[in-house]
There are 2 protein chains.
Amino acid sequence: MTETFKKELVQRITRNLLDIQILRLTQTKPMWGYKIKKQVEALFNVKLRHGTLYPLLNSLEQKGFLTSEKQQKKGRTRKVYTITRKGQQYVEAYNSILKEQIQKHDIR
Amino acid sequence: MTETFKKELVQRITRNLLDIQILRLTQTKPMWGYKIKKQVEALFNVKLRHGTLYPLLNSLEQKGFLTSEKQQKKGRTRKVYTITRKGQQYVEAYNSILKEQIQKHDIR
DNA sequence: TACAATATGTCCTCCATCGGACATATCTCA
DNA sequence: TGAGATATGTCCGATGGAGGACATATTGTA
């Protein structure tokens with residue numbers, strides 16, 4: 001039961017807070033859209049449409065959370081995204097909320 | 001900056017995962033709709049329409065996460081909601097996801 | 001006595017988001 | 001050589017959810 005709930009919840013959180021999950025992934029190392037798509041699908045068990053992802057990546061760059069750089073990999077062009085200081089701060093804010101939520105739960 | 005991000009994120013999380021935040025509140029003690037509304041607004045800084053809340057509470061009861069009992073308080077009727085075992089499990093699943101997300105963050 | 005607060009409920013419309021389609025190009029392997 | 005994987009991009013229509021309106025009743029207070 002709890003396992004079913006967890007799967008369902010991970011999918012909900014991933015969909016609703018997709019930008020944050022993407023920022024968290026790029027925190028590990030710079031990544032391009034296609035790789036992010038595969039990672040999200042593997043880690044969170046969520047089918048991610050590229051029609052959703054690519055516009056989101058562009059908007060994250062516009063907002064200053066990511067910067068991009070085009071790389072050539074055997075003729076194919078990759079747009080590699082790196083997290084910015086601002087992006088880091090956004091993830092840190094998220095993490096501190098998580099910690100607070102857990103603490104409130106434990107105290108009660 | 002981080003504080004602005006936190007406010008924004010708490011509001012997003014509250015809106016997107018409102019059902020979970022409600023279950024967490026009823027974990028503390030049984031509550032009725034109006035009280036929940038006031039608590040959510042005070043704790044999370046989110047304006048919550050009762051036209052959103054009451055149907056949500058009914059659906060949480062239908063799904064078996066909450067049970068309700070009508071109480072009279074000086075002529076006014078209150079529909080007091082208590083969390084069920086299933087509701088508890090849902091919150092536990094949520095908490096374990098939070099813990100995992102924080103751990104992944106710390107390891108990196 | 002009239003207004004604000006307490007308390008719960010439904011319904012409709014609008015807007016934003018998401019999925020799916022359309023579009024293009026290269027590389028690898030059977 | 002053809003299919004599947006890699007790689008990125010736009011656009012449109014449907015659907016769902018949220019906000020605001022409609023609805024009602026009691027209590028407390030200025």
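In this text, all values refer to a predicted model and were calculated from it rather than measured experimentally. Chain letters run A, B, ... following the sequence lines, proteins first, then strands; residues in each count from 1.
- A donor-acceptor pair under 3.5 Å is absent between the side-chain atoms of A/Q27 and the main chain of A/Q88, judged by distance alone.
- Minimum heavy-atom separation, A/N95 to A/R24: OD1-NH1, 3.2 Å.
- The heavy-atom pair separating A/G33 from A/L53 by the smallest distance is O-CD2, 3.2 Å.
- A side chain to side chain donor-acceptor pair (under 3.5 Å) with A/K6 is found for one member of B/Q89, B/E100, B/E92 and no other, namely B/E100.
- Remark: A/E3 does not engage A/K7 in a salt bridge, criterion side-chain N to carboxylate O under 4.0 Å.
- A salt bridge is absent between A/E8 and A/R12; no separation between the charged side-chain nitrogens and carboxylate oxygens falls under 4.0 Å.
- A/E41 places its CD atom 12 Å from the P atom of D/dA5, with the value rounded to the nearest Å.
- Atom P of nucleotide D/dA25 and atom CD of B/Q72 are separated by 15 Å, given to the nearest angstrom.
- An OP1 or OP2 oxygen of D/dA18 is reached within less than 4.0 angstrom by no side-chain nitrogen or oxygen of B/R49.
- Going from atom NZ of A/K37 over to atom P of D/dA5 covers 11 Å, rounded to whole Å.
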Quick test: give all pairs of protein nitrogen or oxygen and nucleotides 12-15 of chain C nitrogen or oxygen below 3.5 Å, distance rounded to 0.1 Å.
none

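- When the P atom of C/dC18 is taken as reference, atom CG of A/L17 falls 12 Å away, rounded to whole Å.
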inquiry  = As a quick check of understanding, evaluate side chain to side chain donor-acceptor pair (under 3.5 Å) for A/T77 and A/Q71, giving each step before the final call.
reply    = CA-CA 6 Å; A/T77 307; A/Q71 280 181 12; over 6 Å; no
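- Side chain of A/S68 to main chain of A/K79: no donor-acceptor pair is present (N/O by atom type, distance under 3.5 Å, no hydrogens or angles).
- Straight-line distance from the CZ atom of B/R12 to the P atom of D/dA18: 14 Å, rounded to whole Å.
- Remark: P of C/dC18 and CD of A/Q11 are 15 Å apart, rounded to the nearest angstrom.
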N/O-N/O pairs, protein side and nucleotides 14-17 of chain D side, under 3.5 Å:
none

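- Under the 30°/60° scheme for interplanar angles, the aromatic rings of A/F5 and B/Y90 are found to stand perpendicular.
- With a 4.5 Å cut-off on side-chain heavy atoms, B/Q101 and A/Q21 count as touching.
- Within 6.0 Å of atom NZ in A/K86, more than 12 heavy atoms from other residues, nucleotides or ligands are found, so the atom counts as buried in its surroundings.
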key: Letter per nucleotide, 5' to 3', of nucleotides 6-12 of chain D [B base touched, S only sugar-phosphate touched, - untouched; heavy atoms, 4.0 Å]   = BBBBBB-
